[in-house]
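Everything on this sheet refers to the single structure shown next.
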Amino acid sequence: MALTSRYLAAGWCLVALAALRCIPAIRRPATLDPGRAPEKMWDRLGALESFRFRLLYSTDVPFDVGAEFEGRWVAPDREHWSGHWLRAGEVTRAVLVAAGTDQYQKQGGSWLAAPRGLETRVFDQAQSVLAGRALTFRQETGRSFQYEFTPELRFLDPGLSKQMKGELELDSRYGLPTRIRCHEPDGAAEWLVTFGSFNRAGRIDVPFVPEAELALKPDGWGGFGAMNRALGIVGSRLDRIGVVYGFRRRWCGAVLLLRRPLQRSLVEFALSRGRAEVWSGTRAGEKLPDQDRALTVAGDMAFRVHLAERLAGGRALDAAVELAELPQPRLVVRKVGGAFQELRTDTTGLYVLVVDGKALGTTSRTRNGSLVFADIGARDFVRLVAAVVSSGGAPVGFRITEERSR
């Protein structure tokens, strides 16, 4: 029994050591001059992967207000706040999560989405207290540099009649702010923020609150297995273009949930079977025996091509996007495990990209065995085309039978 306990203890030690190795190290400046250390403190704080904070404030004149929150910040801009506001003796508790331009407040068992406000921007709140304030270095104590300043907190002191004092503490090893306090020595007014758990604050999950719902029906039937595989492929396409989504399964169908509404034509293309092929071809007008293989390119009736030979398709194709400083992005299509041959200069041949029987673009240009298409369309569509080509095609596609926005 004792031996087993030793092995268990040793195992937990190994787990703890492994966890510690996963914590990224904080970059330590070579030297820190106390007089200049505050100049880059916000840059240093923003360069971390995460940190925890605590923010509180209170006053009793001209009215009784206050707040106390604990939170986490996770790069690049996610924040989690939990605490309460106090106004006229009434306490309002709140849990908020923010990311980008959005924030979510928990109400009961659900989340309410809204545009992001100052209440979930810890950097803005902390920086505003020091903005334009002259800092005076006071002393170095232990591992901290301490500074003084004269604050102006108009939301606690609208008439600037209070004799407020400000204090700033920096970690003298890393130049990170650890504490900012403004207080009225002989009164109730106080504002305080502390920072800690640098690079050890954990993760923040952003609530999924959809703004659009689309009912889907498969355009064929290969069983539930085929439909599930197709939904997985559609999901991978949406992932590649940065769309936040979810699926709700239904009998013989599904509901696509989108955090943000997406252009209808883009959604329909993402839901298609997406069977991509590369053909050799010739621009219409040439005399060819097979006139049935003529396709309109990108909906332009003045540009038609005759298809000659299928060169590759499905899983044999992969695609990427070049977002250079060009009028339109370029789509680069390559043959997995092979190469497309350069066309002869004495021919009028073309390579044609075909998806689900529609010609999306043509090119006569190759680069290192890959095809470069410059005529596919705008950036969002080209990114989706790359995702569809790379997905290898789905066993079924889906059509939208109903659409609802919130």
Side-chain angles (χ1 to χ4, degrees), residues 219-220 233 236-237 240-241 263 265-266 268-397:
D219 61 9
I233 290 171
S236 70
R237 295 169 182 173
R240 280 195 57 168
I241 63 173
Q263 186 177 337
S265 60
L266 295 179
E268 290 175 339
F269 190 58
L271 293 171
S272 68
R273 295 195 180 204
R275 293 178 175 173
E277 304 169 311
V278 172
W279 287 71
S280 63
T282 306
R283 183 147 186 170
E286 301 294 323
K287 293 183 179 180
L288 293 175
D290 189 353
Q291 296 297 320
D292 294 332
R293 287 184 176 177
L295 296 179
T296 300
V297 179
D300 183 359
M301 295 303 298
F303 187 5
R304 291 174 61 80
V305 293
H306 293 288
L307 302 183
E309 179 184 0
R310 184 182 184 274
L311 303 176
R315 295 288 180 183
L317 295 177
D318 190 21
V321 181
E322 285 186 351
L323 294 174
E325 294 182 2
L326 300 168
Q328 289 184 328
R330 290 174 173 171
L331 179 73
V332 180
V333 178
R334 69 182 185 92
K335 186 189 296 185
V336 178
F340 293 101
Q341 301 301 314
E342 189 75 38
L343 293 170
R344 297 201 335 255
T345 57
D346 60 345
T347 70
T348 57
L350 295 169
Y351 289 108
V352 186
L353 176 63
V354 179
V355 177
D356 290 337
K358 297 180 180 179
L360 298 188
T362 65
T363 186
S364 58
R365 178 184 174 191
T366 65
R367 183 203 300 155
N368 299 325
S370 298
L371 304 182
V372 182
F373 295 89
D375 60 348
I376 298 297
R379 184 184 65 177
D380 289 345
F381 182 64
V382 175
R383 291 173 61 225
L384 181 55
V385 171
V388 169
V389 171
S390 299
S391 71
V396 296

| message | Go through it in stages, so that I can follow the logic: the residues are Arg283 and Phe303, the test is side-chain contact (heavy atoms from CB on, under 4.5 Å), and I'd like the CA-CA distance, side-chain angles, deciding distance and then a yes or no. | response | CA-CA 8 Å; Arg283 183 147 186 170; Phe303 187 5; 3.5 Å; yes
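- Phe373 places none of its side-chain heavy atoms less than 4.5 Å from the side chain of Val382.
- Gly357 and Leu295 make their closest contact through O-CD2, 3.6 Å (heavy atoms, listed as atom of the first residue, atom of the second, distance).
- Smallest separation of non-hydrogen atoms from Val333 and Ala319: CG2-CB, 4.2 Å.
- Side-chain contact between Asp380 and Leu266: present, with at least one pair of heavy atoms (C-beta onward) separated by less than 4.5 Å.
- Pairing each heavy atom of Ser370 with each of Val332, the nearest pair is CB-CG1, 3.8 Å.
- When all heavy atoms are compared, the tightest approach of Leu331 to Ala386 is CD1-CB, 3.7 Å.
- The shortest side-chain heavy-atom distance between Ile376 and Pro329 does not fall under the 4.5 Å cut-off.
- Closest approach of Arg237 to Ser272, counting heavy atoms only: NH1-O, 2.7 Å.
- Atom CD1 of Ile241 and atom CZ of Arg379 lie 11.5 Å apart (nearest 0.5 Å).
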| message | Let's go through Phe269 and Val355 carefully: what are the C-alpha distance in whole Å and the side-chain angles of both, what is the deciding distance for side-chain contact (heavy atoms from CB on, under 4.5 Å) to 0.1 Å, and is it a yes or a no? | response | CA-CA 10 Å; Phe269 190 58; Val355 177; 3.9 Å; yes
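- Between Leu360 and Val297, every side-chain heavy-atom pair lies at or beyond the 4.5 Å cut-off.
- Atoms CG and CZ, from Leu317 and Arg334 in turn, are 10.0 Å apart once rounded to the nearest 0.5 Å.
- In terms of the side-chain hydrogen bond (donor to acceptor under 3.5 Å, both in side chains) criterion, Ser364 has no residue partners (sequence neighbours excluded).
- Separating the CG atom in Asp375 from the CG atom in Asp300 is a distance of 10.0 Å, to the nearest 0.5 Å.
- Residues Arg365 and Arg330 meet the side-chain proximity criterion, which asks for heavy atoms closer than 4.5 Å.
- For Ile233 against Pro395, the heavy-atom pair with the smallest separation is CD1-CD, 4.1 Å.
- In terms of modelled atom types and a separation under 3.5 Å, the side chain of Thr362 and the main chain of Val352 share no donor-acceptor contact.
- For the pair Ser280 (side chain) and Ala308 (backbone), a donor-acceptor distance under 3.5 Å is absent.
- Looking only at side-chain heavy atoms (C-beta outward), Thr363 and Phe340 stay at 4.5 Å or farther from each other.
- Put simply, CG on Leu311 and OH on Tyr351 are 6.5 Å apart, with the number rounded to the nearest 0.5 Å.
- Under the side-chain hydrogen bond (donor to acceptor under 3.5 Å, both in side chains) criterion, Ser390 pairs with Arg240, Asp318, not counting sequence neighbours.
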| Step-by-step side-chain hydrogen bond (donor to acceptor under 3.5 Å, both in side chains) determination, Glu342 to Thr366 | CA-CA 6 Å; Glu342 189 75 38; Thr366 65; 2.3 Å; yes
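- In summary, Arg367 and Glu322 engage in a salt bridge, as defined by a charged side-chain N under 4.0 Å from a carboxylate O.
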| field | Chi angles and distances behind the side-chain contact (heavy atoms from CB on, under 4.5 Å) call for Thr282, Val305 | value | CA-CA 6 Å; Thr282 306; Val305 293; over 6 Å; no
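- Put simply, the side chain of Arg315 gets close to the backbone of Ser391: a donor and an acceptor are under 3.5 Å apart.
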| said: For a side-chain contact (heavy atoms from CB on, under 4.5 Å) check, start with the C-alpha distance between Arg273 and Asp219, then their side-chain angles and the critical distance, and finish with the verdict. | reply: CA-CA 9 Å; Arg273 295 195 180 204; Asp219 61 9; 3.3 Å; yes
